[in-house]
Protein chains: 2
Amino acid sequence: MNYSSELLKGTLKTIVLKLLADNKKMYGYEITQRVKGLTLNKIQITEGALYPTLHSLEADGFVTTETEFIGKRVRKYYSLSPTGKTKTKEKVSELADFMETMKFLLDIKTKTT
Amino acid sequence: MNYSSELLKGTLKTIVLKLLADNKKMYGYEITQRVKGLTLNKIQITEGALYPTLHSLEADGFVTTETEFIGKRVRKYYSLSPTGKTKTKEKVSELADFMETMKFLLDIKTKTT
DNA sequence: TCATATACATTTGTTTCTTATGTATCTTTG
DNA sequence: CAAAGATACATAAGAAACAAATGTATATGA
């Protein structure tokens, strides 16, 4: 089982930033596998979502990259920049706050009628 | 303050369904005000988002409508259908599950390097 | 050798929202 | 009493963030 696709929207960037904050450097494919493993296959990040996200984070200066060769195959590592670390804290705490709000909304038993 | 807009994506339908489950019947404008009030202005549902969502829920048979006139002004009430009630439980529990997963992902302190 | 996994990337949708616009009535306030 | 703001519906155009599909290439295991 995995979640209906619309739920991931808006959280992917935060997930990626948080993983980079916890792991110093990671490459794209590794990120997809890590998330898949950590969430027991519930969240599967597609390549069409991940790579544009990583490129966008790089364009915004939140991550830096270094290319490494494993045999003949290229591997592109991503690391947080100083502003990226600040951004990560903001995004994570915003998402945590949002989840608290959602939890409250989903639990309410208000009666008006 | 309010959340960056992308966070609401994917949760709006669930919020609406849950409100209807708790309140028997509500009209569109009322829903926007209720959410605004309950979340202390953190979540403001726009009309361009809400009405298409309500129409979509109706088209899918999850809600039924009844029109009422307050003076000369029309007011359209929405109520959950039986399948809508089932759908609500599904969506709410899926979102709750997703939030648990996200909470876990955001708290991890895995070290690999 | 052939399927699967690893690893990057882009293109073309689709969904779901925001912003803007439109219509109309009701209420409050200077 | 006029004008602003609130109530109440709706749709259209555009943006954002994904999924799905496609492409290229190397490595590995059966």
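Below, chains carry the letters A, B, ... as their sequence lines are ordered, and counting in each starts from 1.
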message: Any non-hydrogen side-chain atom of A/Leu20 less than 4.5 Å from a side-chain atom of A/Met26?
response: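 A side-chain contact under 4.5 Å exists here.
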message: A side-chain contact here means heavy atoms from C-beta on lying under 4.5 Å apart; do B/Leu105 and A/Leu38 qualify?
response: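 The answer is yes, as the side chains (C-beta and beyond) meet within the 4.5 Å cut-off.
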Looking at [X], does any N or O in its side chain come under 4.0 Å of the phosphate oxygens OP1/OP2 on [N]?
{"X": "A/Tyr27", "N": "C/dA7", "answer": "yes"}
{"X": "B/His55", "N": "D/dC9", "answer": "no"}
{"X": "B/Tyr51", "N": "D/dT11", "answer": "no"}

message: Could you work out, with salt bridge (charged side-chain N to carboxylate O under 4.0 Å, His left out) as the rule, every residue matching A/Lys91, not counting sequence neighbours?
response: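 Testing A/Lys91 for salt bridge (charged side-chain N to carboxylate O under 4.0 Å, His left out), a comparison that skips the adjacent residues, returns B/Glu6.
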Measure [atom1]/[X] against [atom2]/[N] and give the value in whole Å, please.
{"X": "B/Arg34", "N": "D/dA8", "atom1": "CZ", "atom2": "P", "result": "13 Å"}
{"X": "B/Leu7", "N": "C/dT15", "atom1": "CG", "atom2": "P", "result": "22 Å"}
{"X": "A/Gln33", "N": "C/dT4", "atom1": "CD", "atom2": "P", "result": "16 Å"}
{"X": "B/Met26", "N": "D/dA8", "atom1": "CE", "atom2": "C1'", "result": "14 Å"}
{"X": "B/Tyr3", "N": "C/dT18", "atom1": "OH", "atom2": "P", "result": "15 Å"}
{"X": "B/Lys76", "N": "C/dA24", "atom1": "NZ", "atom2": "P", "result": "18 Å"}
{"X": "A/Tyr29", "N": "C/dA9", "atom1": "OH", "atom2": "P", "result": "15 Å"}

task: May I ask you to decide whether A/Asp22 forms a salt bridge with A/Lys18, counting only side-chain N to carboxylate O separations under 4.0 Å?
output: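 A/Lys18 and A/Asp22: salt-bridged.
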- request: Salt-bridge test for B/Lys42 and A/Asp97: reply yes if a basic N is under 4.0 Å from a carboxylate O, no otherwise.
  value: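 Yes, charged N to carboxylate O under 4.0 Å.
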- prompt: Along nucleotides 13-25 of chain D, 5' to 3', which nucleotides get a B, which get an S, and which get a -, given that the test is a protein heavy-atom distance under 4.0 Å?
  reply: ---BBSBB-----
- request: Residues of residues 64-72 of chain A with any non-hydrogen atom less than 4.0 angstrom from an atom of DNA chain D: list those, numerically ordered, please.
  value: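 Output list: A/Gly71, A/Lys72.
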field: Partner set under ring pair (Phe, Tyr, Trp, His ring centres under 6.0 Å) for A/Phe98, not counting sequence neighbours
entry: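 Listed in chain order: B/Tyr3.
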query: Got a sec, which hydrophobics cluster with A/Tyr29, joining ILVMFWY side chains under 4.5 Å apart, including via others?
result: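 In the cluster with A/Tyr29 are A/Tyr27, A/Tyr77.
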message: Between A/Ser81 and A/Phe62 (side chain of the first, backbone of the second, donor and acceptor by atom type, cut-off under 3.5 Å), is there such a pair?
response: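 Present.
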message: Taking side-chain hydrogen bond (donor to acceptor under 3.5 Å, both in side chains) as the definition, give me every residue that meets it alongside A/Glu94, ordered by chain and number, with sequence neighbours left out.
response: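 For A/Glu94 the side-chain hydrogen bond (donor to acceptor under 3.5 Å, both in side chains) partners, ignoring immediate neighbours, are B/Ser4.
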